[in-house]
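This is a predicted model, so every value here is computed, not measured.
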Amino acid sequence: MKKSLSKLLCLLLVVCFALPLCVACNGGGETGEGETEAYETEIAAGSEFDPKIPAVDYQGYEFVFLSAEKQSDPYDSEYLVSEGETNDLILDAVFRRNVVLEDKYNITFGQVESTNAQADVRAQVMSGTTEFDAIRIRGAYLANLAREKLLYNLNDLEWVDMSKPYWDQNAKKDLSVGNALYFTNCDINTSMAYGIVFNKQLIEDYQLTSPYEYIANNNWTLDTYGQLVKSVSMDQNNDGFFNEEDRYGATFEHHNAMALLYSSGIRATTQDETGYPVLTLMGDKTVTAYEKIKEIFNDPSYAYCLTCSKMDPHGFIHRFAYARYLFTQDYYLFHVVPPTSIDEFADMEHEFGIVPLPKYDSAQDRYYSMMSNWTCMIGCPAVLKDPDRTGRILEDLNYYSSVIVTPEWFNTMLSRKYARDDESETNLQIIKDTAVYDMALYFDFGGIRTKILDIDPAKANISTNYAKLRKSIESDIEDTYNKFNAAAPTTPAS
């Protein structure tokens, strides 16, 4: 593990932040003064959701996040700490946010980057003391730790108000087990659910109907998506085989089938009025939707399976990043990806668009966007040095994130810098607002994710697999619910 920000450095950053204020007051340069004024306006404007938490002097305490080291988990993202003003708009916003809290509470912020975060949380919590105050790692990993009673119930933190919009309301509802919430999403994060990027040039070249037109006519469905996927196929190198060097209607990963089930309005579990996760996966609609999805991806001449392939990453951090590069080179029409990855398409020569995952059919009343089990979320260790202090800082971090960081991230980086049309901006908001968090994805009850949902649909029979595992899934749900100190129903619904 390594500390990415020391106490001394953070104190220096506060000084560095104060200097531009002095310069501005003394008639400093045009750029610095403008930036300072904009920043002061940003803070002063605030929002109606300001928790107005009283300041406390914590005498230079270092509030530390535990996260995954980037090389050990490439799905982790930055934006917890920042060393100062840079050319990165988001890091600049993070710096400004953190300085506000450092000044208010007389604290600094630090980050421990771990090559095995789950093991480090286990070891430190079980020892009775931790060197970190909050955890930001994959949701599935946090679920493992929650099962082991190694996480703090966020609902028990003084000052934390989960009704505020900077705590993701979909996550609050979908990830609560009884009266307990052990990890969640919030404005400290920059995570988003899955969407689809598409190549506008290929739509034009193949004279296809644009997904934007389908959306405008309420006909962006599994069927129309499948038709488009099957319309693009080319053996570009003329070797008689389809491999990574050829053109496809879509890339495909096993979890894409799962994401399309969720976009069809299907969930593996749904909480009842007591917060008990009831099995809701199977039904006639599920079987029909799954067969449609299998049909879309079962022909290797128009859908390239990334999780089945041995594609060389060609120097990229993993083959999925290389596939996103190939998308920018017009190899694929569609690529399923969280919009937070669209910075990887910034240098694409041709235009791309962004759409939510398709509905099941036109009668479906809304879109649903699956939040992956690999999405990084926020939790706290069960052993907290000072729960009152942790609650104050987390609540204010979220509030000031909503005022300073989120607008920069969503409106500037996503909607303006990378998204290149009005439709994409609208669709980004749809994806954000329709996020679905299913506990079954994170806790993998009885193997419901790893043995039913997140496998190659070409080789799977969802009904057969479900029938084999149903009893163990129900048993695991009941056991998990009971472990979270809530009384499970005598006979769980299914």
Would you check if the side chain of [X] reaches a backbone N or O of [Y] as a donor-acceptor pair within less than 3.5 Å?
X	Y	result
Thr375	Met371	no
Asn373	Ala140	no
Asn153	Asn155	yes
Asn427	Ile354	yes
Glu253	His255	no

Next item on the list: Please list, chain by chain and in numerical order, all residues satisfying side chain to side chain donor-acceptor pair (under 3.5 Å) with Thr286, sequence neighbours excluded.
Entry: none
Next item on the list: Could you list the residues that satisfy ring pair (Phe, Tyr, Trp, His ring centres under 6.0 Å) with Tyr206, not counting sequence neighbours?
Entry: none
Checklist line | Results of ring pair (Phe, Tyr, Trp, His ring centres under 6.0 Å) for Phe352 - residues two or more places apart only | finding: Phe345
Notebook entry, point to check: How would you list all residue pairs meeting side chain to side chain donor-acceptor pair (under 3.5 Å) that involve residues 446-458, not counting sequence neighbours?
Noted result: Asp444-Thr450
Next item on the list: Name the orientation class of the two ring planes belonging to Phe297 and Phe252 (parallel below 30°, tilted from 30 to 60°, perpendicular beyond 60°).
Entry: parallel
Check: Trp220 vs Tyr225 aromatic rings, parallel, tilted or perpendicular, using cut-offs 30° and 60°?
Finding: perpendicular
Check: Does Lys230 come within less than 4.0 Å of Glu295, counting only side-chain N to carboxylate O?
Finding: yes
Item checked: Centroid-centroid distance, Tyr304 to Tyr331, less than 6.0 Å -> no
Next item on the list: Run the ring-centre check on Tyr325 versus Phe320 and record whether the distance is less than 6.0 Å.
Entry: no
Check: So, is the end of the Lys359 side chain (NZ or CZ) under 6.0 Å from the ring centre of Tyr367 and within 45° of the ring's axis?
Finding: yes
Would you mind listing every salt bridge (Lys or Arg N to Asp or Glu O under 4.0 Å) that reaches into [range], with sequence neighbours excluded?
range	value
residues 200-211	Lys200-Asp421
residues 344-358	Arg324-Glu344, Glu351-Arg420
residues 297-321	none
residues 209-229	Asp223-Lys292

side-chain contact (heavy atoms from CB on, under 4.5 Å) partners for [X], two or more places apart:
X	answer
Glu425	Ser415, Arg416, Asp422
Ala117	Leu66, Ser114, Ile137
Lys432	Met192, Phe410, Gln429

Notebook entry, point to check: Is the number of heavy atoms from other residues, nucleotides or ligands within 6.0 Å of NZ (Lys285) greater than 12?
Noted result: yes
Check: How many angstroms lie between atom CG of Leu208 and atom CG of Leu333, to the nearest 0.5 angstrom?
Finding: 6.5 Å
Checklist line | Pairs satisfying disulfide (SG to SG under 2.5 Å), at least one member in residues 226-327, at least two apart | finding: Cys305-Cys308
Note to self: Checking side-chain polar atoms at under 3.5 Å, does Ser369 have a donor or acceptor matched by the opposite partner on Thr434?
What the structure shows: yes
